[in-house]
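All residue numbers refer to positions in the sequence shown, counting from 1. Being a predicted model, the structure only gives us computed values, none of them experimental.
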Amino acid sequence: MITVDYCRLMVRYNKWQNTSLMAAADTLTDRQRWENRGLFFGSIAATLNHLLWDDALWLERFAGNERPEDHLPVALDSPSDWNTFKEMRKDRDDALAAWASELTAAEVEGDVAWYPAGGTHRIE
């Protein structure tokens, strides 16, 4: 069973992993971060942007928005500036931590439902 403590642990783990990824990506040039490496999203930068976007989607879903894609479109090329990305990543990790700090047992026991992008069937 998922608990409040488990959610808080996962938020701390997510931040730790993001910090590790940022440190590794800091050793690359901007060109290297954007180079198409045959990854699912092409480049390291696009993959990191996807993770940033995905965390925004989950925060919206946790807030009750079943269709966050309607106002949070995927933008794998944005932000394109590395320092801006790092600031946004820190802010998103802080937002996740704030969400987790206010989480209650009743919320953990409830359902989270959403519609996948372009989907007509609700996922519960």
Side-chain angles (χ1 to χ4, degrees):
M1 180 174 160
I2 294 176
T3 65
V4 170
D5 287 339
Y6 177 77
C7 290
R8 290 177 181 156
L9 175 67
M10 290 296 100
V11 165
R12 288 192 309 272
Y13 176 77
N14 188 60
K15 181 177 181 175
W16 173 63
Q17 286 298 298
N18 288 329
T19 301
S20 297
L21 288 170
M22 296 307 98
D26 261 338
T27 68
L28 303 173
T29 66
D30 196 51
R31 184 177 153 274
Q32 289 171 320
R33 281 190 292 273
W34 285 102
E35 178 183 339
N36 188 332
R37 297 171 181 266
L39 304 171
F40 190 81
F41 297 103
S43 69
I44 292 168
T47 301
L48 293 174
N49 280 337
H50 170 75
L51 294 172
L52 184 70
W53 171 78
D54 193 52
D55 282 347
L57 287 180
W58 279 109
L59 282 167
E60 285 288 319
R61 289 173 180 149
F62 295 152
N65 182 354
E66 295 180 351
R67 292 192 183 272
E69 297 87 356
D70 291 349
H71 69 277
L72 292 173
V74 177
L76 298 178
D77 60 349
S78 178
S80 59
D81 176 73
W82 181 239
N83 287 325
T84 300
F85 174 83
K86 291 191 297 184
E87 290 173 24
M88 290 176 72
R89 179 70 267 174
K90 182 191 175 310
D91 290 347
R92 187 72 34 82
D93 286 337
D94 290 347
L96 285 163
W99 166 79
S101 74
E102 299 294 323
L103 194 60
T104 67
E107 291 170 313
V108 171
E109 293 171 7
D111 293 328
V112 174
W114 71 91
Y115 292 86
T120 57
H121 292 77
R122 187 173 186 220
I123 297 176
E124 297 188 42

What are the two closest non-hydrogen atoms of Arg8 and Ser101, and how far apart are they? NH2-O, 3.2 Å
Arg33 (side chain) donor-acceptor with Ala25 (main chain) under 3.5 angstrom: yes
Just checking, is any N or O donor in the side chain of Asp77 or Trp34 under 3.5 Å from an acceptor N or O on the other one? no
Is the backbone of Met10 close enough, under 3.5 Å, to the side chain of Asn14 for a donor and an acceptor to pair up by distance? no
Exercise: identify the closest heavy-atom pair between Gly42 and Asn36: O-OD1, 3.6 Å
Asp94 vs Lys15 side-chain heavy atoms within contact, under 4.5 Å: yes
If every non-hydrogen atom of Thr84 is compared with every non-hydrogen atom of Pro79, which pair is closest and at what distance? CG2-CB, 4.0 Å
Given Arg89, Arg92, His50, the one that forms side-chain hydrogen bond (donor to acceptor under 3.5 Å, both in side chains) with Asp55: Arg89
Co-membership, hydrophobic cluster, residues Leu57 and Leu76, 4.5 Å side-chain: yes
Are Val4 and Leu9 linked, directly or through intermediate hydrophobic residues, by side-chain heavy-atom contacts shorter than 4.5 Å (ILVMFWY only)? yes
What verdict does the side chain to side chain contact (heavy atoms under 4.5 Å, CB included) test give for Leu48 and Met22, after you've listed the backbone C-alpha separation in whole Å, the side-chain angles of each residue and the deciding distance to 0.1 Å? CA-CA 9 Å; Leu48 293 174; Met22 296 307 98; 3.9 Å; yes
Taking C-beta and beyond as the side chain, do Phe85 and Asn49 meet within less than 4.5 Å on heavy atoms? yes
With rounding to the nearest 0.5 angstrom, report the CD to CD1 distance, Glu107 to Ile2. 13.5 Å
Cys7 and Leu103: which non-hydrogen atoms are nearest, and at how many Å? CB-CD2, 3.5 Å
Please evaluate residues Asn65 and His71 with respect to the criterion side chain to side chain contact (heavy atoms under 4.5 Å, CB included), reporting the C-alpha separation (whole Å), side-chain torsions for both, the decisive distance (0.1 Å), and the verdict. CA-CA 10 Å; Asn65 182 354; His71 69 277; 2.9 Å; yes
When you look at Arg37 and Ile44, which way does the side chain to side chain contact (heavy atoms under 4.5 Å, CB included) test go after all the steps? CA-CA 8 Å; Arg37 297 171 181 266; Ile44 292 168; 3.5 Å; yes
With rounding to the nearest 0.5 Å, note down the distance linking CG in Asn18 to NZ in Lys90. 12.5 Å
Do Phe41 and Leu51 pass the side chain to side chain contact (heavy atoms under 4.5 Å, CB included) test, and can you show the C-alpha distance, the side-chain angles, and the key distance before you say yes or no? CA-CA 11 Å; Phe41 297 103; Leu51 294 172; over 6 Å; no
Parallel, tilted or perpendicular, judged at 30° and 60°: which one describes the rings of Phe62 and Trp58? tilted
State whether the number of non-hydrogen atoms from other residues, nucleotides or ligands found under 6.0 Å of Lys86 atom NZ is greater than 12. yes
In terms of hydrophobic clusters joined by side-chain contacts under 4.5 Å, are Leu52 and Leu28 together? yes
Between CG of Leu59 and CH2 of Trp99, what distance do you get to the nearest 0.5 Å? 8.0 Å
Does Leu96 belong to the same Ile/Leu/Val/Met/Phe/Trp/Tyr cluster as Leu21, with side-chain heavy atoms less than 4.5 Å apart forming each link? no
Under a single-linkage definition using a 4.5 Å side-chain heavy-atom cutoff for Ile, Leu, Val, Met, Phe, Trp and Tyr, are Leu39 and Trp53 assigned to the same hydrophobic cluster? no
